[in-house]
Amino acid sequence: MVDTDPRRSIPRTDHLLALPEVIAAGESRSQATIKAIISEAQSAARAGDIPVAEVAPTVIRNVTTRSASSLTPVLNATGIIVHTNLGRAPLSAAAKQAVAEASGYVDVEMDLQTGKRSKRGTGAKQALLRACPRAEDALVVNNGAAALLLAVTALRGDNVLADNPASEIIISRGELIEIGAGFRLPDLMATTGSRLREVGMTNRTHLDDYAQAITGQTASLLKVHTSNFRVEGFTSSVEIAQLRELADEHGLPLIADLGSGLFEPVPALPDEPDIASALAAGADVVIVSGDKLLGGPQAGLILGRSDAVQRIAKHPLARAMRTDKLTLAAIEATVANTENPVQEALHIDVDRLQERTERFAELASGVVVAHDGRVGGGGAPGVPLPGWAVELPEYFAAELRKGDPAIVARVHQGRCLIDLRCVPEVEDQRIVDAIARIRGADLVDIEPGDDSRLLDRLKHHLGDGDEDSSEQ
Ligand SMILES: *Cc1c(COP(=O)(O)O)cnc(C)c1O
C-alpha cells in the first residue's frame with residue numbers, strides 16, 4: 001500500500017532551519033524561539049489546520065514578522081481613545097524614537113563632562129517644568145496609583161509617632177473611586193497605614209464638612225478627580241481654592257489627584273481638571289497619569305511646590321516606585337512634543353473624518369452611521385466626541401479581532417462598528433482588505449459537506465460578540 005497521507009511530507013525541522021530567511025532571523029531571535037515557531041507550524045499542518053505546502057511560508061512569515069513579545073499590535077477601531085485594555089495611550093513618533101535611543105547604555109545618571117554621577121535631575125523633569133511653569137519641581141514614578149500612595153505617605157506630618165500613626169487623610173465621600181480592575185482608592189490608602197476620613201455625602205460635600213473633620217490626627221487634605229464617573233443632579237463639591245484656605249489655617253498639605261494629565265484646560269472637555277489650574281488654585285502637589293490624556297507611557301507625574309516634591313522624592317518608598325530610562329525618555333519626548341496620537345484623536349477634524357469614513361464605507365460595502373467616540377481610560381466620562389463609524393454585521397468583529405492585523409472594532413447593539421478616529425489613516429486600506437477577506441471567506445471557504453465550518457460560521461452570524469465593557 002502506498003501511503004498517500006500528505007501529512008507524512010511535512011517539512012522536517014532541519015530542512016526548515018536551513019531556509020535562508022530562518023537563518024537570517026537567527027540574528028535577532030533565539031534558536032529556542034525559532035524552533036518553537038517551526039514546531040507550531042508543523043503541528044498546525046499535522047492537525048490539518050494549514051496545508052503542508054504552507055508550513056515553510058508560515059515559518060518564514062512568523063520568524064520575520066511576528067513581534068518579539070507575545071503582545072499583538074492592534075488597530076483600535078473602537079473610537080475609544082485611551083483604551084485601557086489596549087494599552088491606553090499609543091506613543092508619539094518622538095516618544096518611540098526616544099525609547100529606541102534610550103534602550104542601550106545612556107547617560108541617565110552620569111554627567112558626561114565630569115564622568116561623575118549627575119545631579120542635574122532628569123530631562124523628563126526639565127521638560128515637565130518647561131511645560132508647566134507653575135510647578136516648582138516635578139517627579140516621575142511608575143504610575144498614578146504609585147504617585148498617590150507616595151504623596152500621601154511622604155506628606156504625613158513629621159510629628160506622627162510610630163505607635164500612633166495619626167495619619168488621617170480627609171477626602172470627600174463623593175471621591176472614593178474604584179480606579180479600574182477592582183482597585184479601590186480606600187483599599188489602596190489602607191496599605192499606607194493611613195486612614196481615610198470620609199466627609200460629606202456621595203452627592204454633596206461642603207467646606208464645613210472638611211473643617212469639622214480636622215483634628216490633631218489629620219495628615220492631609222486629598223482631592224480626587226472622579227475621573228471615571230459623573231454624579232449629576234443635586235450635587236456640590238469643594239474647589240481646590242477653598243480647600244487651600246482651610247489647609248493654610250491648619251498647616252496641612254493639600255494633595256490633588258487629577259487623573260488624566262492635561263497641562264492646560266481643554267475647551268472640548270470642560271470637566272477635566274488640568275495641572276496649571278490646580279496648582280494656581282493652591283494644591284501643594286498634583287498627581288496625574290502619564291498614559292491618559294497626556295498621551296505618553298505609563299507613569300505617575302507629581303508636580304508642585306519644591307518643598308513638597310522634595311519630601312516625596314526623598315521618601316524611601318520613592319525608590320520602590322522609580323521609573324526606568326525608557327519611561328523617562330518617553331515622558332520627556334511626549335511632554336516636549338505636544339503632537340501625539342491621543343491629542344490628534346481628541347481634536348480630529350470631524351468633517352475630514354466623515355469624508356474618510358464615507359470613502360471607507362464604499363470600499364468596505366458598509367453603512368456610515370453617526371458614532372460618538374470617547375476619551376475612555378477613566379477620563380471625561382459621558383462626554384461624547386461626535387464622529388462617524390461604518391456599520392457591519394456583528395460577526396465581523398470577532399473575525400477582525402482574530403485576523404492579521406488584529407483589528408478591534410466596537411460591538412454595540414448587535415452591530416460591528418468601525419470608528420476610524422484612532423486608526424492611523426495609512427491603515428484604512430488594511431482594514432478594508434481584512435473585511436473583503438472575511439466576506440470572501442464567507443462565500444467560498446466552506447467546502448460542501450463541511451458541517452463544522454458551516455456551524456461555526458452560522459454561530460458567528462447569530463452573534464457570539466460580547467458587548468464591549470472595556471472603556472475603563
Ligand atoms: C487613573 C487614575 C488613577 C490611577 O492612575 P494609574 O496611572 O492608572 O495608576 C488614580 N487617580 C485617578 C483620579 C485616576 O483617574
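Each ligand, and each atom within it, is numbered from 1 in the order the structure gives.
For the pair P297/L326, no side-chain contact is recorded, criterion being any heavy-atom separation below 4.5 Å from C-beta on.
Heavy-atom contacts of G144 reach the following atoms of ligand 1: 5 (O), 6 (P), 7 (O), 9 (O) (cutoff under 4.0 Å). Residue contact check: G259 has heavy atoms under 4.0 Å from atoms 12 (C), 13 (C), 14 (C), 15 (O) of ligand 1.
A heavy-atom separation below 4.0 Å is found between D257 and ligand 1. Assignment of R88 to the shell around ligand 1 is supported, since a heavy atom sits closer than 4.0 Å.
With respect to E109 and R117, a salt bridge is recorded, a charged nitrogen being found less than 4.0 Å from a carboxylate O.
With distances taken over non-hydrogen atoms, the option nearest atom 2 (C) of ligand 1 out of K292, K223, H225 is K292. Of the listed options A256, A145, S289, S289 places a heavy atom closest to atom 7 (O) of ligand 1.
Proximity of a side-chain donor or acceptor of Q217 to a complementary backbone N or O of E168 within less than 3.5 Å is not detected.
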Report all side-chain donor-acceptor pairs from residues 246-256 shorter than 3.5 Å, counting only partners two or more places apart or in another chain.
unit_1, atom_1, unit_2, atom_2, d
D248, OD1, R244, NE, 3.3
D248, OD1, R244, NH2, 3.0

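Closest heavy-atom contact between R134 and A280: NE-CB, 3.4 Å.
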